[in-house]
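Quick note on labels: first sequence line is chain A, next is B, and so on, each numbered from 1.
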Amino acid sequence: MGRDVFYITTPIYYPNDVPHIGHAYNAVATDFIARYHRLRGEEVFHLTGTDEHGLKIQRAAEAAGMEPKAWVDQMEPRWREVWARLDIAYDDYIRTTEPRHVTAVQRMLRAVHDNGRDDIYLGLYEGLYCVSCELYYTEDELIDGKCPIHGRPVEHVREENYFFRLSAYTDRLLAWYGEDPSRIEPETRRNEVLSLIRGGLQDFSISRTNFDWGIPLPWDPNHVCYVWFDALTNYITAAGYGSDEGRFARVWPANIHLIGKDILRQHAVYWPAMLMAGGVEPPRQVWAHGFLTVGGKKMSKSNATGIHPFELLDHFGVDSYRYYFMREIQFGQDGSFSWESMVDRHNADLANGLGNLASRVLAMLGSYFDGVVPATPGDDSDLPKVIEESRRRYDELMGTLALGSALTAVWDIVGRANQYLVEREPWKIAKDDGRRDELAAVLYTAAETLRILAVLISPIMPNAAAALWTQLGIGEPLDAQRLPHAARWGGLAPGTRTSKGDALFPRLDS
RNA sequence: GGCGGGGUAGCUCAGUGGCAGAGCAAGCGGCUCAUAAUCGCUGUGUCGCGGGUUCGAAUCCCGCCCCCGCUACCA
């Protein structure tokens, strides 16, 4: 995949929206995947950002008595502060109001407009318009034929807009996906898209004249670019389209556009067709995850289930937060969130599982060897084999974005290690001075297992991994570790001075 | 209405023809290095309902009930 770079994107967010755990779900998943690829030694480009144009922004700014740019400047940081708290290590953050993006969008529009196939044409957009809202509605949205907000009659309005000839791309899109079905995952989403395309595609409008907070069309500045050509183009802007062709050739096409299923159509139909029309290769893969549900309902502001990530981060901490959502929910399916399940998951897997394992091993190293990793003649434990097998499954599952199963594979190691300690009973061996070699072997095996666990969990729980790494006292930086080499048995040097620090994951009361 | 997903143990879910599974929770026992932790043992569930195909169905077919999402340009 990829030219030289593993390129993964999140959607870009509306500054006006309030971040909730559904947005964060996408961000965490993207970051987990990106960090995993970095751990494998790949050059990674992880992009996120904000979508800052449009009538809604313009109106919100007006209502606040501000210029639109000043408005988004003060709204946008609310997103970055969430990503910072979640340890989202993006490589670039794009704002669609940046000059580089204006350049790229206009260039893209030009490329499509001038492609000789008349793919952009002037047409009539007809719709039901509420003057008070300054918005178009579909018939379904109306209440008794009137505006749902103002209760006033809507007008049938026709507006001259430029249109993109999506209808001309039906066959090419089907051929594109026929070549390689994995271009849309998971399968159920792919099937939806294919049936949608087969049903015939309608052209869509790409410009507006009823507001001006947007990017002007290069050939007709009376029109501003309307949502799709502006927003979706961010993915190539950040890769260097229109500004750095050398870089663009290395970075594009994106390996993965990670999105929610609500914007599948735009990413899997509109976007590839737009790129084809502009002479740019479509992305390698669009991966649509599911929605979080709260109490069995899709999360939303209206039913009071729009939970802000900070509400959970304050209680659980960032590592537990990241782990919970990735482990608990089958990636690709909808998943239910509940406070109780989050507490259970934290206590079972993190506090009692990994955290307690580290605690008991480091405590014994401290008591029996003054914290120094002992040299050992060797051990006949099956842990090296178990770890190698788990690491192999982890890699395989991360490759197919079975993120929860990948973590399960790592926790098989935790389970086996706890079991191993009970089988060997080092606390009993320690009472017999004649069995020092045996004690050394057991504790070396346990400590080496912790070292490899720290490496494997680093993409999902960077802080806990670093804390464990520090407790193990390993000199080489964790950031410098690379898979698969770093997971090979025997990397922990005898003589390493460990120290039992604070609990990695304190138990939580419900 | 149409399209899609789903209804399996208290909870979350896996399981697409061959004796009903996992994790968590719960109970009992062991151990005591550890964060009241850990290890072992314990699951008689109408696999939504009713038919059908089959030697055999949670798994395939038909019908029905219920839940969720989408249904086209405001992510």
Polar pairs (N or O, both sides) under 3.5 Å between protein and nucleotides 27-33 of chain B?
residue, atom, partner, partner atom, Å
B:rC33, O2, A:R360, NE, 3.1
B:rC33, N3, A:R360, NE, 3.4
B:rC33, N3, A:R360, NH2, 2.5
B:rC33, N4, A:R360, NH2, 3.1

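- Counting non-hydrogen atoms under 4.0 angstrom, A:N352 reaches the backbone sugars and phosphates but no base.
- In this structure, a donor-acceptor pair under 3.5 Å is present between the side chains of A:Y324 and A:S341.
- Across all strands, A:L232 comes closer than 4.0 Å to base atoms (heavy-atom distances).
- If you check every strand for non-hydrogen atoms under 4.0 Å, A:F164 touches nothing.
- Among the nucleotides B:rU35, B:rC74, B:rC13, the one closest to any side-chain atom of A:L504 is B:rU35.
- Taking the side chain of A:W228 as heavy atoms from C-beta on, and the options B:rU35, B:rC74, B:rC13, the nearest nucleotide is B:rC74.
- Ranking B:rC73, B:rC13, B:rG5 by closeness to the A:F204 side chain, first place goes to B:rC73.
- With distances taken from any side-chain atom of A:K261 to the nucleotides B:rU12, B:rG69, B:rC13, the minimum falls on B:rG69.
- One interatomic measurement links the two molecules: CH2 of A:W411 to C1' of B:rA22, which rounds to 18 Å at whole-angstrom precision.
- Listed by residue number, the members of residues 433-453 of chain A with any heavy atom below 4.0 angstrom from RNA chain B form an empty set.
- At the heavy-atom level, A:E423 lies nowhere under 4.0 Å from the strands shown.
- Among the protein residues, A:G200 comes within range of the nucleic acid bases, having at least one heavy atom under 4.0 Å from a base atom.
- Among B:rA72, B:rC24, B:rC13, the nucleotide with an atom closest to any side-chain atom of A:L201 is B:rA72.
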Please write out the pairs of protein N or O atoms and N or O atoms of nucleotides 40-42 of chain B separated by less than 3.5 Å, giving the distance to one decimal.
residue, atom, partner, partner atom, Å
B:rG40, OP1, A:Q419, NE2, 2.7

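- Nearest to the side-chain atoms of A:N418 among the listed nucleotides B:rC39, B:rU71, B:rC73 stands B:rC39.
- Closest to the side chain of A:A351, from the set B:rC13, B:rC73, B:rU35, is B:rU35.
- The phosphate of B:rA14 (OP1 or OP2) has a side-chain N or O of A:Q333 nearer than 4.0 angstrom.
- Each of A:Y13, A:W71, A:Y93 was scored for a side-chain hydrogen bond (donor to acceptor under 3.5 Å, both in side chains) with A:E76, with one residue passing: A:Y93.
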